Structure formats: structure tokens, C-alpha cells
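Every heavy atom of this structure was used, including side-chain atoms; hydrogens, water molecules and symmetry mates were not. Because the structure is predicted, anything quoted here is derived from the model rather than measured.
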Amino acid sequence: QCPRDSYQPAPGASICVSCPNGTDTIDAGATSSSQCLSDCVAGHYSGTGKAPCTPCSAGTWTSAVGSASCNTCGAGNYTDGTMCEGCVMGTFSNSSGVTACESCPVGTFSNSTGSLQCTSCHP
């Protein structure tokens, strides 16, 4: 039986062949090069962290390569699927899992990154 990251090129073969660069197997005992899989890229996931991969759903993200899940981006932040970043000044997000922050309404402001709400300009 071949160790992880390699496969047996033919039934009964006594040699193991390394997987191509950028790929590996999920378990030991692979019997074909088709079992050499690439890792999921940032913004994608699968149960094994290997191909085939699914894009993170809207409002979730992962920056890790080979991820088995995506994370929810919390309130005051937004995500493009590969990172979770704070809303910039002048914008806000009062819920988690958003892909864009909202602009502060006229007559309000936010002067910090990651705002959950905007403040009235009038005292």
C-alpha cells in the first residue's frame, strides 16, 4: 500500500509514484493518479479540503488553502469570499454575512472602521 501523497501506478506494482506538485491524496493506498487532488483555493471549500471545491456562499469566507468550511463575516464587516474586512469610514453593517457595507444615510456619519451603525451629525 502506498503512503499518502503517492499512488500505485498499476495493480500489483511494487513501486509508488509521487503525486504531481500541488496535489496529494486524501488517504494512503491510492491506486491511480486521479486520486491526487489539488487543495481548495481561498474562497472555496469541500468536506476534505480537496477538489472538487465549492465557492463560499455569499457572506461567508475563507482565506485558507485546503479549507473544509467557510466562516461567517460578523457585523461591522463585509466579505468577498476570501477575506473579512471592516466597513470603511462612512459605511456600516449591522448584520453578519454581508457582501457590502451600507453608506451612512444623509445627516449621519461613522468615523471608524467596522461600524455597526452611523451617528447623527446633529447633537
Side-chain angles (χ1 to χ4, degrees):
Q1 177 173 319
C2 292
R4 189 167 178 247
D5 303 335
S6 64
Y7 64 95
Q8 191 176 28
S14 59
I15 62 165
C16 295
V17 176
S18 294
C19 286
N21 282 343
T23 67
D24 58 20
T25 60
I26 295 170
D27 296 309
T31 57
S32 166
S33 62
S34 66
Q35 291 173 285
C36 295
L37 305 172
S38 58
D39 287 333
C40 294
V41 297
H44 294 73
Y45 74 100
S46 75
T48 62
K50 304 267 180 223
C53 306
T54 303
C56 292
S57 59
T60 66
W61 66 285
T62 180
S63 60
V65 172
S67 186
S69 63
C70 297
N71 309 300
T72 299
C73 198
N77 301 283
Y78 71 97
T79 182
D80 65 359
T82 61
M83 62 181 66
C84 181
E85 296 200 55
C87 295
V88 298
M89 287 188 285
T91 67
F92 74 102
S93 165
N94 59 10
S95 59
S96 61
V98 300
T99 57
C101 299
E102 297 179 50
S103 294
C104 289
V106 173
T108 67
F109 71 97
S110 71
N111 60 359
S112 63
T113 301
S115 292
L116 302 177
Q117 61 187 13
C118 298
T119 304
S120 175
C121 294
H122 306 290

Smallest separation among heavy atoms of [X] and [Y], with atom names:
X	Y	answer
C56	H44	SG-N, 4.1 Å
A64	S67	O-CB, 3.9 Å
T108	C121	N-SG, 3.8 Å
C73	E85	SG-N, 4.4 Å

Rounded at 0.5 Å granularity, tell me how far [atom1] in [X] sits from [atom2] in [Y].
X	Y	atom1	atom2	value
S6	Q1	OG	CD	9.5 Å
L37	S46	CG	OG	8.5 Å
T119	N111	OG1	CG	7.0 Å
S110	L116	OG	CG	10.0 Å
N71	T60	CG	OG1	8.0 Å
Y45	S57	OH	OG	6.5 Å

- Query: Would a distance-only check, ignoring hydrogens and angles, find a side-chain to backbone donor-acceptor pair under 3.5 Å from D80 to M83?
  - Reply: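 At least one qualifying donor-acceptor pair exists.
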- Query: When you look at Y7 and C2, which way does the side-chain contact (heavy atoms from CB on, under 4.5 Å) test go after all the steps?
  - Reply: CA-CA 6 Å; Y7 64 95; C2 292; 5.7 Å; no
- side-chain contact (heavy atoms from CB on, under 4.5 Å) between T82 and S63: does it pass, once the steps are laid out? CA-CA 5 Å; T82 61; S63 60; 5.7 Å; no
- Query: Got a sec, which residues hit salt bridge (charged side-chain N to carboxylate O under 4.0 Å, His left out) with D39, two or more places apart in sequence or on another chain?
  - Reply: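 Partners of D39 under the salt bridge (charged side-chain N to carboxylate O under 4.0 Å, His left out) test: K50.
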- Message: With heavy-atom distances below 4.5 Å as the criterion, would you say the side chains of T25 and C19 are in contact?
- Response: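 A side-chain contact exists here, since the closest heavy-atom pair is under 4.5 Å.
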Do any side-chain atoms of residues 87-105 form donor-acceptor pairs under 3.5 angstrom with protein atoms, and if so which ones, sequence neighbours left out?
residue : atom : partner : partner atom : Å
T91     : OG1  : V88     : N            : 3.2
T91     : OG1  : V88     : O            : 2.6
S93     : OG   : S95     : O            : 2.9

